[in-house]
Structure formats: C-alpha cells, structure tokens
Amino acid sequence: MTSATVTGKPDEPVVATRNYLTEGGVTLRSWLLTRDHKRIAILYTLSITVFFFVGGAAATLIRLNLVTPSGIFTPDIYNRLFTLHGIVMVWFFLIPSIPNTMGNFLIPLMIGAKDLAFPRLNLLSWYLYVGAGLLALFAILIGGVDTGWTFYTPFSSLYSNGYVVLALAAVLAVGFSSILTGLNFIVTTHRMRAPGMTWYRLPVFVWSNYATSVIMVLATPVLAITLILVAAERLLKVGIFDPALGGDPLLFQHLFWFYSHPAVYIMILPGFGVISEIVPCFARKPLFGYKFVVWSSIAISVIGFFVWAHHMFVAGISLYAGLVFSLLSYVIAVPSAIKVFNWTATLHKGWISFDAPMLYALGFIGLFTIGGLTGLFVANLAFDVHVTDTYFVVAHFHYIMVGGMVSAYFGGLHYWWPKVTGRLYPEWWARIAALLIFFGFNLTFFPQFILGYLGMERRYYSYPPEFQAWNILSSAGASVLAAGYALPFFYLGWSLFRGKRAGSNPWAATGLEWQTSSPPPTHNFDRMPTVTRPPYQYRPEPEPQDV
Amino acid sequence: MGSLQLLPPTASAHAADMDWLFAALLGTSAFILLLVFGLMILFCVRYRKNSKVERGNRLGRTWRVEVAWTTATFIAFLGLYFWGAELYVDIHSPPKDATDIYVVGKQWMWKIEHPGGQREIDTLHVPVGRPVRLVLTSEDVIHDFAIPAFRIRQDALPGRYETLWFTPTEVGDYRLFCAEFCGTWHARMGGSVVVMQPSDFQRWLDSQDPGPSLAQEGEALFRSYGCSGCHGGAGTVRAPRLEGLFGRPVPLEDGRTVIADDRYIRDSILMPKAEIAAGYPPVMPSFAGQIGEDDLLKLVAYIKSLADGTAGTSQAGSVERPAQ
Ligand code: HEM
Ligand SMILES: [Cu+2]
Ligand SMILES: [Cu+2]
C-alpha cells in the first residue's frame with residue numbers, strides 16, 4: 001500500500017533539504033545544546049536504547065541462571081542482577097520510553113505547534129535523565145544493589161549492604177526528569193494547539209500522553225519523598241520504617257505503591273495511545289468509540305490512585321482494607337477492557353493490511369488482553385494470597401509491560417520511523433522481527449504463570465528441581481525474544497543509510513504530523529496548520545492528504 | 001529435571017476451594033479471550049484489504065455498544081470479586097479450637113515452637129484434620145511464610161504478630177518457602193511442612209525432647225525480667241493481675257475497649273503507654289529493645305496460659321481483677 005507515495009531512490013540526496021537533522025548544524029555541540037523537541041527526542045531514543053540493552057543483558061543472565069535448579073551465579077550476584085534489571089527497565093527504559101521519545105517528537109507535530117511549551121526544561125529533563133542514568137550505572141559498577149526495584153524496608157534501610165543510597169539518588173533524579181516532562185506536556189497540550197484543534201480533535205496519542213503526564217506530576221513527588229525517608233533511615237538511623245527504631249515497615253509499602261501503582265499506568269497509557277493511532281490507519285477506518293477511549297484513559301489515571309494496596313493483600317493490611325482495594329481493582333479493569341473492545345471493533349468492516357506496525361499493534365492487543373485478564377486473577381483476594389510474590393505476578397506484569405508496552409514502543413517506532421528519519425525500513429525483516437517477538441514473548445512468559453501457580457517464588461536464584469522443565473522452556477523463549485529485539489537494531493540502523501525515501505506520508509495516514517515533510521523542518525510546519533475535521537477520517541483507498 | 005507439572009499438590013480444604021476459584025477465573029478469561037481473539041482473527045481475515053466482502057451498514061451509535069459491553073464485563077468481574085472475597089474472609093477467620101504454633105522468621109531460617117515446647121527449624125510438623133493457627137513474626141526484615149500446597153501465605157513482619165491458619169487434609173510432605181525477598185539466602189529460607197496422622201504426630205511430639213513448655217519458660221522469664229515484682233500482687237505498685245486476661249475485653253484509660261489478644265499483650269510489654277488499662281497508674285516501663293522476639297513469644301504464651309490454667313506451677317493468686 002505504500003508504493004504510491006514513496007519517492008526517490010535509496011542513494012538520492014536528501015529530498016527535504018531543510019529538516020531538523022541538518023538545520024542548525026550537525027556538530028555534537030548543536031545536538032547537546034539543542035532545544036528542538038525533535039532532536040531531544042532523538043537524544044532520548046539513543047539513551048533509552050542503551051539502557052534497554054543494559055537491562056536486557058541482566059535479563060539474559062537471570063534467565064541463564066534459572067536454567068538449572070541450583071543456579072549458576074552466587075545468590076549475591078543474582079540478587080544484584082534482578083535489582084539492576086528492575087530499576088533500569090522501569091525507570092530508565094519503560095517510564096521514559098514512549099513519552100520521552102515519541103511523545104516528545106510527536107506531540108507538537110500532532111497538535112500543530114512549533115515546539116513544546118518549555119524547550120529548555122525539555123533539555124534539562126534529558127540531562128537529569130542522563131545524570132541519573134550514569135549514577136545508576138556507577139552504583140552498579142562499584143558493587144550494585146540487592147533490594148529489588150521495590151526497595152522494601154527495613155531490608156533496604158538497615159539490612160542491605162549494597163549501594164542503596166546511590167540507587168535511591170539515581171531514581172530520585174530520574175523522577176524529576178519525569179516530572180519536568182509531564183509538566184511540559186500538560187502545558188503544551190493546553191496552550192499550544194493549532195487553530196481548530198479542539199480537545200475532541202486531538203489524536204488519542206496526545207490524550208494518552210496527557211493522562212500519563214498528570215500521573216507523572218502527581219505521583220512522582222510521593223516517590224521522591226519516600227526515597228528520601230529511606231535514605232534518612234539508612235544514613236541517620238531516624239526511625240521511620242524499622243520497628244526496631246520505632247518505625248512502621250508497612251508505611252513504606254503504602255507510600256511506595258501509592259506511587260508505583262499509578263506508575264504502572266505511566267508504563268501503559270502511552271502504549272494505548274500508539275495502538276489507537278496504528279489500528280485505524282491500517283484498518284482504514286475511524287477509531288471506534290473515540291470518546292470512550294479518551295475517557296477511559298482519564299478514568300484510569302484517576303482510579304489508578306486508589307488501588308495501591310492490592311500489592312499488599314498478604315502484607316498485614318486489615319481485612320476491610322483488602323476487601324475495598326480488591327473491589328477498586330476490579331473497577332479499574334473495566335476501562336482497560338473497554339479499550340480492547342474498541343480496538344477490536346475498529347477492525348470490523350475495515351480494509352485491513354498487515355504492515356509491520358500493524359503486526360506489532362495486533363500483538364499488543366493480544367498480549368495486553370492476557371496481561372489485563374490476569375490482573376483480575378491477582379486482584380482477586382483469595383487467589384492473590386496464593387500467587388503473590390510468585391512467578392504468576394511476574395508473568396502478569398511482563399505481559400502488560402513487555403508484551404504490551406514494549407510491543408507498542410516497537411510498533412510506534414516502525415510507524416513513525418519514516419517521519420523521523422525520512423527513510424523506510426525493510427518491510428520483511430520488520431515483519432519477521434514482529435513475529436519473533438510475539439512468539440518468543442509467549443514462550444518466555446506463559447510458562448511463568450504455571451510456575452507461579454505451582455509455587456515458584458520470585459527472586460529465587462535456585463529452586464526445587466520439579467520446576468526445572470518450565471524454567472527451561474522460559475529461558476528458551478527468552479533467547480528467541482532476545483533475537484527478536486536485536487533484529488530491529490540492525491535493519492533500522494541499515495535503513496538510516498540505505499532505506500528508501502519515505503515521502504511525507506507513506507501510510508496515507510491522517511494526522512497533522514503526516515502533513516509536513518519527512519524529516520520535518522525545525523519549525524515543524526511551513527504554514528500554521530488549521531484543523532477542520534475530527535481525527536482518524538480514514539477512507540478505504542489511500543488518498544493524498546489535503547493540507 | 002521433572003516433567004511439565006500443571007498443579008501443585010492440594011493438601012487442605014482451602015486448597016481445593018481455591019482450585020475451583022482458579023477454574024472460574026480461567027473460564028471467564030478464556031471466554032473473553034476467545035471472544036476477543038476470535039473476533040480479531042475473524043475481522044482480520046474477512047476484512048483484509050483485498051477481500052471484496054460487503055462493508056455497508058457499519059455499527060452506528062457506538063455508545064450503546066460501549067455501555068452494553070462495559071456493563072457486561074463489570075457484572076462478570078463483580079461475581080469473581082465476591083467469590084474471592086468470601087474465601088479471603090474465610091482464611092482470616094481461624095476456628096476457636098485451632099492449635100497455636102509460633103513461628104519466628106529470621107535471616108535465613110524459620111524457628112518454630114509448638115505449644116508443648118517442641119522446637120524445630122525450617123520444618124513444621126502438623127496433624128492431619130486439625131486446624132492449626134500460626135502466629136508469625138520476624139526478628140529482622142520482612143519474610144513470608146508460604147505453603148503452596150495449602151494455597152496460603154502471609155508476611156512475617158518485625159514488630160508485629162500476623163496469623164495464618166489451615167486444616168491439612170492430606171498426609172504428606174509439602175514445600176515451605178519464604179516468599180518475601182529478605183537478602184542473600186532468601187531462596188534457601190524454606191523447608192517442608194509435614195502432615196501426619198494424629199497418632200503419628202503425637203508420637204513425634206513425644207519423641208522430641210520437649211524441654212520446658214513455652215509457657216513454663218515464659219513463667220521463668222516473667223520473674224527474671226521483673227514482671228512479677230509488679231504483677232505478682234506482692235509488690236508496692238498497683239498493677240493488674242494477669243490471670244484470666246487473655247481473650248477478654250479490657251477497658252482502657254481512654255475509654256476504648258480492646259480484646260486482650262497476642263498483639264495486645266505484646267504491645268503492652270513493648271509500648272505500655274499506648275494502651276493503659278483503666279484504673280491503673282501508667283508506671284509500667286517499656287521493654288522495647290530489651291526482650292527479643294523469642295522471649296516475647298514465651299511471655300505471651302505464659303500470660304495466655306494464665307487464662308485457661310494450663311500453666312505448670314503458676315504463682316497465680318486468687319486476687320480478682322479490680323472491678324472496672
Ligand atoms: C487490568 C488492570 C490491572 C489489574 C486489576 C492489576 C492488578 C494487579 C495486582 C493486584 C497486582 C499485585 C499482585 C501481587 O503483588 O500479588 C499487580 C502487580 C503488578 N502489576 Fe498489575 N494490574 C493491572 C494492570 C497492570 C498494568 C496496566 C501494569 C503495567 C503496565 C501492571 C503492572 C504491574 C506490576 C509491575 C506489578 C508487580 C509489581 C511488583 O510487585 O514488582 N498491572 N497488578
Ligand atoms: Cu498495582
Ligand atoms: Cu525471604
């Protein structure tokens with residue numbers, strides 16, 4: 001479907017000579033001091049890719065260790081590996097993944113603005129991220145941390161002998177980077193929409209990032225406070241969480257999950273946004289129930305603040321607290337379900353094609369549905385009492401965060417790659433990678449549901465021999481998955497130099513970002529766009545867009 | 001390397017109930033999953049770009065459809081919620097006749113003390129068919145006492161008592177794990193739960209060198225820590241007698257009434273100022289930091305034994321608690 005609008009041959013000079021990659025210089029300095037949201041998005045993409053590989057390397061070693069019941073590494077090394085994996089993947093990859101790369105690049109383009117509201121703040125946010133990342137890597141290199149990404153007290157505050165305070169500082173700093181990004185997105189969405197871009201004409205991608213930003217701004221400060229309290233107890237022996245000093249160990253868990261449950265929605269809402277762009281485009285149909293999709297995101301970001309204690313059903317909360325938090329968790333599953341139904345209904349009577357972004361999107365829907373449904377299992381009181389802290393929970397959240405969000409990230413990467421780079425990637429390789437990721441993922445994580453129900457606990461470097469068969473399957477799947485994730489690195493890199501020219505709108509997509517050239521000029525639009533129609537006005541046949 | 005096992009052993013009444021709940025959750029999810037995947041695949045095939053199938057008459061007013069499926073999912077979800085909630089209430093309501101066994105977690109072992117004074121580490125012997133209530137605490141960080149064959153687990157927190165109860169239904173050896181990450185040897189902090197016929201269990205109890213019972217040891221500690229100086233009735237301080245205390249409601253100075261359970265006794269020793277028994281001067285010193293978890297359990301067991309008269313050689317007088 002793409003050939004109609006593709007122009008030029010691979011080795012022809014750049015079509016749009018005036019674009020953000022060349023305008024303003026190509027020196028390192030021009031990049032490091034840039035205030036262009038698109039360049040900052042590229043800086044973010046490069047840096048989170050580094051962390052994705054760091055976190056991925058740890059995951060590979062974890063799966064390697066679990067091939068044998070007795071483990072391969074010493075427990076101290078293993079404990080450092082899963083802590084490193086969790087901290088890096090959550091705070092240095094997943095939370096910034098879609099918002100700071102695609103959100104940064106696309107929000108101004110999608111709403112018809114020249115840049116984000118605060119370009120300098122945007123750059124500062126990237127420097128905070130890099131600084132925090134270096135601090136985290138430093139902590140890992142000098143000896144690591146063994147608390148798990150959850151930093152439970154009093155283990156983290158008084159018993160662990162890793163570099164806990166350094167890790168806390170790194171997470172604190174990266175938290176500020178999220179807050180700044182969130183603030184920037186909120187103000188931009190409110191203040192910088194082009195004429196005619198009413199709220200209900202915003203693409204769902206913008207809505208989702210908006211909802212995400214609200215959570216970032218409201219929840220992250222609670223994390224900051226909590227981390228500082230842990231550091232205070234660890235360094236100054238102020239009794240806050242350890243009962244031996246007069247503290248309360250559950251207080252930490254309440255504070256931590258008050259941030260971290262909303263944070264899991266930071267890690268999925270932007271994915272919803274990406275899928276809501278891709279599915280209508282490749283089904284050539286408007287998104288089904290636009291307003292429902294939008295308001296379910298908002299509902300999620302609000303209700304998300306009231307379910308935190310579902311992580312604590314066996315931690316020693318009262319019976320009544322358990323009953324209430326479980327009920328609210330069932331309530332929040334409803335808006336998630338709505339979205340799945342809407343994407344599916346969008347396919348109905350469409351003209352569906354299966355380019356790589358669509359394969360990732362369909363994979364997302366499948367894996368997210370499984371992750372969401374198992375959310376109902378773990379939100380179920382009696383059921384959770386059996387599976388909490390087992391691999392069942394590990395599988396649940398990987399289905400959503402990796403199966404869902406990382407698939408959405410790759411889907412978005414492929415979908416907007418032509419816009420960002422001006423080049424097309426090799427379609428066949430991209431489809432192969434999408435399939436490898438889908439099958440590798442299921443092989444890796446499905447066995448973990450069964451392991452969890454059997455009673456295999458999380459964070460175990462060694463385990464009873466009867467669990468080995470499922471663990472071997474899971475590790476085998478992980479190698480397939482690793483290959484799937486490595487592939488795009490090569491063919492996307494290749495396409496940067498040899499890929500076909502994309503033209504401004506290779507997918508014949510609606511949306512303002514497709515109306516400017518690829519790659520876009522620094523100021524995004526040559527003429528201020530005016531919006532006259534709702535989003536997703538797709539028609540069966542690809543047509544040139546009316547600018 | 002073991003085969004591809006699907007279900008853990010089922011060794012308690014609750015475990016069997018839980019498997020039914022699991023089946024219901026699976027059934028509901030399978031239904032939704034088949035519906036969504038089925039429709040997705042159907043649409044993808046039928047409405048692929050090149051197919052010539054008729055596409056007129058699309059779904060019009062979307063909100064009706066939306067409201068319909070939102071309500072339907074929510075109702076299905078609620079049913080599951082109530083089922084899970086009912087079982088949860090159940091596992092939080094131990095029967096009155098359950099035997100109490102004390103469990104102390106510490107990096108990286110479980111110390112278990114039977115009421116008769118038998119002690120074991122990382123292994124818990126229990127009789128089949130009799131309810132058992134575990135009273136859990138920790139000496140250092142948070143641990144979690146998990147028995148997959150019974151489908152239950154509970155965190156053991158420092159500075160608190162949590163409880164967990166079960167009635168084993170099948171004789172056998174079952175795995176015991178620590179399920180809350182607690183440091184280097186977390187993965188090795190476990191062992192087994194041995195469910196025995198009551199007669200075998202009795203034989204096992206007898207074969208153990210029981211030493212003094214928990215309550216007897218507690219009685220000795222009650223003297224050595226100087227509790228008896230005030231609570232023994234002979235001293236100059238007016239302090240409540242502890243006979244008959246356990247399990248009864250206690251009116252407090254601030255007007256509230258609390259039940260004297262394990263937690264109350266423990267807190268009375270560590271934080272006496274928090275809940276002052278009505279009618280007494282708040283002179284009891286705090287023993288926080290002076291009495292370890294082991295000794296606390298023994299003191300609690302002793303004070304408990306004063307309620308039902310199982311204490312060996314109690315010096316318990318016949319002084320009535322003052323009328324309140
Ligand atoms: C459909 C709605 C969802 C429900 C009802 C739900 C419910 C739950 C519950 C009850 C737990 C605690 C399980 C336990 O620790 O025993 C949990 C864990 C978790 N969930 Fe979900 N969840 C949902 C969606 C999500 C989403 C969208 C994400 C992330 C993108 C997510 C990520 C996580 C994570 C990371 C954990 C484990 C945290 C840890 O202990 O390390 N969940 N979920
Ligand atoms: Cu949660
Ligand atoms: Cu442990």
Side-chain angles (χ1 to χ4, degrees), chain A residues 75-76 79 148 152 154-155 159 243-244 249 288-289 292 314-316 319 322-323 326-327 330 333-334 337-338 340-341 344-345 347-353 362 365-366 369-370 373 376-377 380-383 385-386 389 450 453-455 457 459-470, chain B residues 1-6 8 18 21-22 25 29 32-33 36-37 39-40 43-44 47-49 55 58-59 62 66 69-70 73-74 77-78 80-81 84-85 87-89 91-92 140-142 144 146 148 151-155 157-160 162 175 177 179-187:
Chain A
D76 277 326
N79 296 343
Y152 270 24
F155 181 74
Y159 290 84
F288 189 89
F292 276 84
V314 304
L319 183 60
L323 293 172
S326 169
L327 183 62
Y330 271 84
V334 174
I338 290 183
V340 171
F341 294 142
T344 310
L347 299 175
H348 184 234
K349 301 199 173 174
W351 276 261
I352 306 166
S353 55
L362 295 173
I365 300 176
T369 306
I370 297 178
L373 284 171
L376 295 177
F377 288 57
N380 190 291
L381 288 162
F383 192 84
V385 168
H386 174 50
D389 282 313
I450 297 165
Y453 199 78
L454 288 174
E457 310 300 329
R459 300 177 175 179
Y460 265 31
Y461 84 100
S462 82
Y463 54 83
E466 66 263 28
F467 298 152
Q468 189 180 14
W470 289 114
Chain B
M1 80 182 208
S3 56
L4 296 173
Q5 182 192 357
L6 284 174
M18 251 292 299
L21 174 62
F22 186 31
L25 282 160
S29 316
I32 299 181
L33 217 61
V36 171
F37 288 9
L39 286 177
M40 259 172 67
F43 294 164
C44 281
Y47 302 115
R48 66 190 183 280
K49 196 174 59 178
R55 288 162 167 98
R58 285 186 183 162
L59 284 175
T62 60
E66 300 276 1
W69 64 40
T70 309
T73 19
F74 191 60
F77 289 180
L78 270 190
L80 293 169
Y81 164 76
L87 282 181
Y88 186 70
V89 171
I91 52 179
H92 283 82
D140 37 50
V141 301
I142 301 176
D144 185 291
R151 313 284 187 276
I152 50 170
R153 56 187 58 209
Q154 172 64 47
D155 281 7
L157 298 164
R160 283 222 213 171
E162 296 294 333
R175 295 217 180 259
F177 296 110
E180 187 64 65
F181 181 68
C182 56
T184 308
W185 296 105
H186 166 60

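Convention: sequence-line order gives letters A, B, ...; per-chain numbering from 1. Everything quoted here is computed from the prediction, not taken from an experiment.
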S.K.: Does any N or O in the side chain of B:H92 come within less than 3.5 Å of the main-chain N or O of B:Y88, such that one atom is a donor and the other an acceptor?
M.R.: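 Yes, because the side chain of B:H92 sits within donor-acceptor range (under 3.5 Å) of the backbone of B:Y88.
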S.K.: If you tally heavy-atom pairs under 4.5 Å against chain A, which of B:F43, B:F37, B:W185 wins?
M.R.: B:F43
S.K.: By a 4.5 Å heavy-atom criterion (distance strictly below it), what part of B:C44 contacts chain A: side chain, backbone, both, or neither?
M.R.: both
S.K.: Quick one: are the ring centres of A:Y152 and B:F181 less than 6.0 Å apart?
M.R.: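 Aromatic pair excluded; centres sit 6.0 Å or further apart.
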S.K.: Side chain, backbone, both or neither: which part of B:T73 has a non-hydrogen atom closer than 4.5 Å to chain A?
M.R.: side chain
S.K.: Can you tell me which portion of A:Y461 sits under 4.5 Å from chain B's heavy atoms? Options are side chain, backbone, both or neither.
M.R.: both
S.K.: Between A:G148, A:G322, A:G366, which residue shows the highest count of heavy-atom pairs closer than 4.5 Å to chain B?
M.R.: A:G366
S.K.: For A:V340, which atoms come within 4.5 Å of any heavy atom of chain B: side chain, backbone, both, or neither?
M.R.: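 For A:V340, side-chain heavy atoms alone lie under 4.5 Å from chain B.
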S.K.: What part of A:A337 gets closer than 4.5 Å to chain B, counting heavy atoms only: side chain, backbone, both or neither?
M.R.: side chain
S.K.: Among A:T369, A:I365, A:L327, A:I450, who wins on heavy-atom pairs under 4.5 Å with chain B?
M.R.: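 The option with the most such pairs is A:L327.
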S.K.: What's the spacing between B:M40 CE and B:L33 CG if we round to 0.5 Å?
M.R.: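 Reported value, rounded in 0.5 Å steps: 10.0 Å.
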S.K.: Among B:H186, B:R153, B:Q154, B:Q5, which residue has the highest count of heavy-atom pairs closer than 4.5 Å to chain A?
M.R.: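 Greatest number of close heavy-atom pairs with chain A: B:R153.
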S.K.: Judged by atom type as modelled, is there a donor-acceptor pair below 3.5 Å linking the side chain of B:Y81 to the main-chain atoms of A:L323?
M.R.: yes
S.K.: side-chain contact (heavy atoms from CB on, under 4.5 Å), that's the test. Do B:E162 and B:L157 meet it? Break it down for me.
M.R.: CA-CA 7 Å; B:E162 296 294 333; B:L157 298 164; 3.8 Å; yes
S.K.: Could you check which of A:S462, A:G350, A:G455, A:P154 has the highest count of heavy-atom pairs closer than 4.5 Å to chain B?
M.R.: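 Most heavy-atom pairs under 4.5 Å with chain B: A:G350.
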S.K.: So, does A:Y330 use its side chain to make a donor-acceptor pair with the main chain of B:F74 at under 3.5 Å?
M.R.: no
S.K.: Roughly how far, to the nearest 0.5 Å, is the CG atom of A:N380 from the CG atom of B:L87?
M.R.: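 B:L87 CG to A:N380 CG: 8.0 Å, rounded to 0.5 Å.
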S.K.: Report the option among B:D140, B:D144, B:V89, B:I91 that has the most heavy-atom pairs separated by less than 4.5 Å from atoms of chain A.
M.R.: B:D140
S.K.: Please evaluate residues B:L6 and A:W470 with respect to the criterion side-chain contact (heavy atoms from CB on, under 4.5 Å), reporting the C-alpha separation (whole Å), side-chain torsions for both, the decisive distance (0.1 Å), and the verdict.
M.R.: CA-CA 10 Å; B:L6 284 174; A:W470 289 114; 3.9 Å; yes
